[in-house]
Structures are given as C-alpha cells and as structure tokens.
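We use all heavy atoms of the structure for the numbers below, so side chains are in, but hydrogens, waters and symmetry mates are not.
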Amino acid sequence: MAIKNSVYVYIDGINRTPSAVLPLKTGNFLDERLDECRLSLRAIKKKNFAPLTPVEIIINNEFYLGTRESRRTIKKRTQTKHFIVANDNATETQIGSGLYNHELYLIEVTKIAECVVVDTLTFTNDLGRSYTANATVLTPEWEE
C-alpha cells in the first residue's frame, strides 16, 4: 500500500515545476475570503512575474496497492486550481548571475473581476408609489 502525490505548476503556460519548492502552502476558505497560495520558486531566469499573471496548479493524489511493477490503483484524484499572481517578491541568487528566487503570493481568479470597469446599476421607483395612501385600518377581533 502506498500513496503517490505529484504537483505540477504552470505560470503563464510555462512549466515551472522543477523550480517549485514543495509542499505548497494553500488556503481553501469557505467564507468570503479568497483562496490563496504561497509558492516559492528557486533559480528562475525571469526577473519578475507581473500581477494578474495566470497560474495553474495540478495536484494528483494516487492510492495504490502492490509494488511499482505490479501496482493496482485503488483511488486516483486530480485537482486543478487556477490562481493569479498578486505579489512577487524576487531576489537575485547571486549578484550578476541572472537567476532569481521568487516568493509568489497567489489568489483565486475571481479577483480579476475587480479590474473590470462596468456601469453602476440602480433601481428606482419610477411611478413614485405611495403604499400608505389607500391603506385600510384593521381592528382586531377577540373571542372569549
């Protein structure tokens, strides 16, 4: 019996898995807070990841019986998470090397909605209705 976990990280469509430091630190919240992830990358030639850069993280979890040669998969689960870069704290590994270490703070893609400008929506009472003008007076009745 064994468990095999694997994680794949794609930033802007480029596979960055070999540079990713595992395990990932994620927060999957069920309230009004946005899901988040902290991802560390080591020795990347890219100097900076711009905000709103798309990030896709694929998490595979496989539970199997037997050896590698004769294993029988009992349960396999794949989960794909989509994030965007919110903040990138990059430092050069050695001055002049051109390689950078990144500490990325990722948030779920619904944050992109804040960058879309739309007209405001208001509702008004176009007829100016007064709901108390023709109200009838009710008197309570008792039975003893």
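Counting heavy atoms from C-beta on, the side chains of Asn5 and Ile59 never come closer than 4.5 Å. Side-chain contact between Ile57 and Val7 is present, with at least one heavy-atom pair separated by less than 4.5 Å. Residues Lys45 and Tyr100 fail the side-chain proximity criterion, which asks for heavy atoms closer than 4.5 Å. Considering only heavy atoms from C-beta on, His102 stays 4.5 Å or farther from Arg16 through its side chain.
Asn15 CG to Ile58 CD1: the interatomic distance, rounded to the nearest 0.5 Å, is 9.0 Å. Here Lys4 contributes atom NZ and Asn60 contributes atom CG; the two are 8.5 Å apart, rounded to the nearest 0.5 Å. With values rounded to the nearest 0.5 angstrom, Thr80 atom OG1 is found 11.5 Å from Tyr8 atom OH. Here CG of Asn101 is found 9.5 Å from OG of Ser19. Values are rounded to the nearest 0.5 Å. We find the OG1-NE2 distance between Thr110 and His82 to be 13.0 Å, quoted to the nearest 0.5 Å. Thr26 OG1 to Leu106 CG: the interatomic distance, rounded to the nearest 0.5 Å, is 10.5 Å.
The environment of Lys47 atom NZ is sparse: at most 12 non-hydrogen atoms of other residues, nucleotides or ligands sit within 6.0 angstrom. Few gaps surround CD on Gln79; more than 12 heavy atoms of other groups in view lie less than 6.0 Å from it.
A donor-acceptor pair under 3.5 Å links the side-chain atoms of Thr93 to the main chain of Leu99, judged by distance alone. Between the side chain of Asp35 and the backbone N or O of Phe29, at least one donor-acceptor pair lies under 3.5 Å. The backbone N or O of Val21 sits nowhere less than 3.5 Å from a side-chain atom of Ser40 that would complete a donor-acceptor pair.
The two residues Tyr105 and Glu36 make their nearest non-hydrogen contact at OH-OE1, 2.5 Å.
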- Message: Using the rule given for side-chain contact (heavy atoms from CB on, under 4.5 Å), can you reason through Ile107 versus Phe83, listing the C-alpha separation, both sets of side-chain angles and the distance that settles it, and then say yes or no?
- Response: CA-CA 5 Å; Ile107 54 176; Phe83 294 100; 5.5 Å; no

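The side chain to side chain contact (heavy atoms under 4.5 Å, CB included) test with Val85 is passed by exactly one of Val55, Leu52, Leu39: Val55.
For residues 81-95, the set of pairs meeting the salt bridge (Lys or Arg N to Asp or Glu O under 4.0 Å) definition, not counting sequence neighbours, is empty.
Residues passing the salt bridge (charged side-chain N to carboxylate O under 4.0 Å, His left out) test with Arg38: none are found, sequence neighbours excluded.
Side chains of Asp12 and Thr53: a donor-acceptor N/O pair is absent below 3.5 angstrom, by distance only.
Hydrophobic clustering, with ILVMFWY side chains joined whenever heavy atoms are under 4.5 angstrom apart, keeps Ile84 apart from Phe49.
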